[in-house]
Every structure is written in structure tokens, then in C-alpha cells.
Amino acid sequence: MVYAPCSTDFDDWIVSTYGEAGAFTMLFVLLAIGETRLDLLRSAYLHVVGDDTRWQDMAALFAGAGVKWSGVVFYRAGPEGLVEDHVARGRLASLVRNLNEDRSLIREGEFFNVDGLRLSIEEIKPPLISSLGLVPFGNSGSRPLC
């Protein structure tokens, strides 16, 4: 059988992961990416039993979610490869709870944009002046030093 060539980072990742692990269950969460936030939209799991899945297939699946998404993060359901449906559902529920508490856990997954290209997230640190509670000079209420 001839498969579509890999044309995205996602395609490369899924082929590589299947090559290393064999069949596996993946959990995924659709995200809305904002300027300074990531919102969880929908989540599901999928059993991967070959290396022929491509980004185009996943994008078609995501279109059925009925939400405007701009990113997706994937995780293997576990090191054992394929897991039963009830196990995948439980692990997905746990993952979503944990992501709701700590978005930095996205770094532990495989994060892609709507074009199937790899993304990464970085923590936004507030400017030092704000974290010290200082008011920049020139704001109302400030007075000249002389």
C-alpha cells in the first residue's frame, strides 16, 4: 500500500512515533491560542494502528468538533501502546483536569498549529517593574523629585 508522503511536522511525528512504539493510543486536546492564553476546547482519543494517518486526515476529523480551533496538543495515552477504551477515557479526563490547572503541561505533549506545524509555548514573565509593584515615572499621582 502506498501512503501519502509526509508534508507536515505532525506527519513526521506520527510516523516516527509509530515506528518506535508500534500501535498506540493518543489523547488530544483542541485549543484556542490567544495572545497570552490557551483555552481548552475539545478533547478525544484515537487508536493509531498504522503510520498512514496524515495531517489532512486529522484536520478533517477536527472540523467535526464544531469549534474554531488554532492548535492541538497530542499525548501518548501511556507507555504500553494501545490501551482499552475505558482506560483511554479515564486518562483523557485526568489529562484535561490537569491541563485546566496547569497549561504548562502542554510542553509535555506534541503541540501543532492548524497547518500541522510544530509549536512550543513559553511562560510569559511579568516585567520586573510590575512584579515589584512600582509605578512607572510619569503616571498620574507621581510627583517630580525636585
Side-chain angles (χ1 to χ4, degrees), residues 1-140:
M1 182 178 276
V2 178
Y3 301 126
C6 293
S7 60
T8 67
D9 294 338
F10 171 84
D11 297 344
D12 294 337
W13 169 74
I14 201 161
V15 168
S16 173
T17 302
Y18 183 81
E20 293 168 10
F24 67 100
T25 302
M26 69 177 172
L27 313 175
F28 59 90
V29 180
L30 293 177
L31 305 164
I33 302 171
E35 190 71 27
T36 58
R37 59 184 288 151
L38 292 166
D39 295 319
L40 309 182
L41 300 173
R42 300 279 192 275
S43 62
Y45 65 92
L46 180 70
H47 301 297
V48 178
V49 294
D51 67 356
D52 57 334
T53 300
R54 295 295 181 264
W55 181 250
Q56 178 180 333
D57 305 317
M58 295 304 299
L61 177 70
F62 300 155
V67 295
K68 184 170 172 53
W69 59 278
S70 48
V72 60
V73 61
F74 296 90
Y75 301 85
R76 285 187 48 195
E80 64 272 36
L82 286 174
V83 299
E84 293 184 26
D85 288 339
H86 73 278
V87 173
R89 280 191 298 273
R91 291 181 185 173
L92 181 61
S94 176
L95 172 65
V96 170
R97 275 193 308 276
N98 291 332
L99 285 171
N100 273 316
E101 293 174 10
D102 183 2
R103 295 291 199 275
S104 71
L105 295 174
I106 290 171
R107 290 187 195 116
E108 296 176 15
E110 305 296 331
F111 187 26
F112 300 94
N113 70 8
V114 296
D115 297 318
L117 302 177
R118 191 171 292 281
L119 296 175
S120 64
I121 61 170
E122 296 179 12
E123 185 176 350
I124 297 175
K125 302 214 187 259
L128 181 59
I129 196 164
S130 296
S131 64
L132 295 176
L134 301 175
V135 177
F137 186 76
N139 283 2
S140 61

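A donor-acceptor pair under 3.5 Å links the side-chain atoms of Asn113 to the main chain of Asp115, judged by distance alone. At distances below 3.5 Å, not a single donor-acceptor pair connects side-chain atoms of Trp55 with backbone N or O atoms of Cys6. Judged by distance alone, with hydrogens and angles left aside, the side-chain atoms of Thr17 form a donor-acceptor pair with the main-chain N or O of Trp13 at under 3.5 Å. Proximity of a side-chain donor or acceptor of Asn98 to a complementary backbone N or O of Ser94 within less than 3.5 Å is detected. Using modelled atom types, one side-chain atom of Arg103 and one backbone atom of Leu38 make a donor-acceptor pair closer than 3.5 Å.
Residues Asp11 and Gln56 are not in side-chain contact: their nearest non-hydrogen atoms beyond the backbone lie 4.5 Å or more apart. For the pair Phe74/Val48, no side-chain contact is recorded, criterion being any heavy-atom separation below 4.5 Å from C-beta on. Considering only heavy atoms from C-beta on, Leu30 stays 4.5 Å or farther from Lys68 through its side chain. Side-chain contact check for Asp39 versus Leu31: every heavy-atom pair is 4.5 Å or farther apart. Taking 4.5 Å as the limit, some side-chain heavy atom of Met26 sits within range of a side-chain heavy atom of Ile14. Taking the side chain as every heavy atom from C-beta outward, Ile33 and Phe111 approach each other to under 4.5 Å.
In summary, of the residues considered (Thr8, Val72, Val73), a side-chain contact (heavy atoms from CB on, under 4.5 Å) with Phe112 occurs for Val72 alone.
Within the model, atoms CZ of Phe10 and CZ of Arg118 stand 10.5 Å from one another, a figure rounded to the nearest 0.5 Å. From Leu99, atom CG reaches atom CG of Leu92 across 9.5 Å, with rounding to the nearest 0.5 Å. Here the CG atom belonging to Leu95 is positioned 8.0 Å from the CG atom belonging to Leu105, to the nearest 0.5 angstrom. The CG atom of Leu40 sits 13.0 Å away from atom CZ of Arg97, with the distance rounded to the nearest 0.5 Å.
Closest non-hydrogen pair, Val29 versus Ser43, comes out as CG2-CB, 4.0 Å. Nearest heavy-atom pair across Tyr75 and Glu108 is CE2-C, 3.8 Å. Residues Asp51 and Arg54 share a closest heavy-atom pair of O-NH1, 2.6 Å. Ala77 and Val83 get closest at one heavy-atom pair: CB-CG2, 3.9 Å. Gly66 approaches Arg42 most closely through the heavy-atom pair O-NH2, 4.5 Å.
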Test Arg107 against Ser120 for side-chain contact (heavy atoms from CB on, under 4.5 Å), laying out the working first.
-> CA-CA 7 Å; Arg107 290 187 195 116; Ser120 64; over 6 Å; no
Carefully, step by step, assess Arg91 and Thr25 under the rule side-chain contact (heavy atoms from CB on, under 4.5 Å).
-> CA-CA 11 Å; Arg91 291 181 185 173; Thr25 302; over 6 Å; no
